[in-house]
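See structure below.
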Amino acid sequence: ARAKQPPPRGAQQGAQRSSASGTGASGAAFVPRGEVRIESLLQRLEAVHQVEEQDVRRTGVDPGIEAFRAALSRRALSLVAIVADLDPAQTGSVHFQELRAAVARLRLNLAEQDLGRLSAALRVNERGFFATRDLMRLVKVAEDTAKLEEAAARGRAAKRPEEASDAAPVVPGEALLGLPP
């Protein structure tokens, strides 16, 4: 007498799911209780992702990086000096909590949302570290973009002086003083 072999793993479950995933009498797809339609989750995730992409596409710069760059510029602080302070051994990596503490210590007044976006843009790893070269590169891109936007705004203001604002001019490049070209 041979022992009866169990069916292969998932064979019975697959049959149950295929019969359960049919349509009911109303024609609507049947979703078992406790299960979530992956399509609806993906649609919600895509909607959130599209909003963030629109922010980035508008200026070409991540909003968290731009907020950080603007805060440095407002306070006339050097990113190079901040990175040198955070990474005195020049290892090339810094824990994000150290950057967060420096932001608070320097009173840059970044919102929690901006810090979250900054963390995502810097690709903070599972241990909480990011590469300082990434921070320098992203802020440089943001600085260059701000210069181009400022030049474009000055060009538009020169063409239409009645629309020019009385705002104090932004001095580009302050955040990157000491950075090699």
Side-chain angles (χ1 to χ4, degrees), residues 34-156 165-181:
E35 288 190 24
V36 179
R37 299 292 308 223
I38 188 100
E39 293 86 17
S40 65
L41 288 174
L42 288 173
Q43 287 173 346
R44 285 189 239 157
L45 181 63
E46 186 63 30
V48 170
H49 186 66
Q50 286 174 355
V51 170
E52 289 177 358
E53 280 182 352
Q54 288 170 354
D55 288 344
V56 172
R57 268 189 259 133
R58 187 179 65 237
T59 63
V61 176
D62 184 272
I65 295 291
E66 175 55 28
F68 182 67
R69 184 212 60 83
L72 290 175
S73 183
R74 275 192 310 272
R75 299 283 319 268
L77 296 171
S78 167
L79 177 62
V80 175
I82 293 170
V83 169
D85 184 45
L86 293 174
D87 187 18
Q90 297 180 356
T91 61
S93 66
V94 173
H95 200 277
F96 189 74
Q97 292 304 322
E98 291 180 41
L99 179 63
R100 184 184 283 265
V103 164
R105 184 179 68 246
L106 296 169
R107 297 186 193 115
L108 295 181
N109 300 326
L110 290 183
E112 193 62 36
Q113 181 180 15
D114 291 331
L115 287 169
R117 287 180 169 175
L118 182 61
S119 173
L122 291 173
R123 300 182 312 222
V124 174
N125 69 15
E126 64 279 352
R127 292 183 13 222
F129 287 89
F130 66 92
T132 55
R133 69 179 178 281
D134 289 345
L135 177 62
M136 302 288 268
R137 180 182 50 80
L138 290 169
V139 172
K140 181 169 180 11
V141 168
E143 190 71 41
D144 292 346
T145 302
K147 286 179 186 177
L148 290 173
E149 289 175 352
E150 179 68 25
R154 280 194 307 261
R156 285 191 302 269
S165 69
D166 294 333
V170 175
V171 180
E174 287 179 2
L176 299 173
L177 290 176
L179 183 66

(request) May I ask you to decide if L115's main-chain N or O and S119's side chain share a donor-acceptor pair within less than 3.5 Å? (result) no
(request) Scan for ring-ring contact (aromatic ring centres under 6.0 Å, His included) pairs involving residues 61-91, sequence neighbours excluded, and state none if there are none. (result) none
(request) With sequence neighbours left out, write down each residue that passes side chain to side chain donor-acceptor pair (under 3.5 Å) with D87, or none if nothing qualifies. (result) T91
(request) Report the residues that fulfil salt bridge (Lys or Arg N to Asp or Glu O under 4.0 Å) with R100, sequence neighbours left out, ordered by chain and then residue number. (result) E112
(request) List in chain and number order the residues that pass side chain to side chain contact (heavy atoms under 4.5 Å, CB included) with L86, two or more places apart in sequence or in another chain; answer none if no residue qualifies. (result) I82, V94, E98, L99, A102
(request) Looking only at non-hydrogen atoms, find the nearest pair between P63 and D114 and report the distance. (result) O-OD1, 4.4 Å
Enumerate, atom names and distances included, each donor-acceptor pair closer than 3.5 Å involving a side-chain atom of residues 127-137, sequence neighbours excluded.
unit_1 : atom_1 : unit_2 : atom_2 : d
T132   : OG1    : G92    : O      : 3.4
D134   : OD2    : R123   : NH2    : 3.1

(message) As an exercise, state the distance from CG of L122 to CZ of R117, rounded to the nearest 0.5 Å.
(response) 14.0 Å
(message) Any salt bridge linking R69 with E66? Criterion: basic side-chain nitrogen under 4.0 Å from a carboxylate oxygen.
(response) yes
(message) I need the L79 CG to E143 CD distance, nearest 0.5 Å.
(response) 9.5 Å
(message) Is any side-chain heavy atom of L72 closer than 4.5 Å to one of L108?
(response) yes
(request) Tell me, please, which residues at least two apart from R107 pass salt bridge (Lys or Arg N to Asp or Glu O under 4.0 Å). (result) none
(message) For I65 versus A121, what's the shortest heavy-atom pair and its separation?
(response) CG1-CB, 3.8 Å
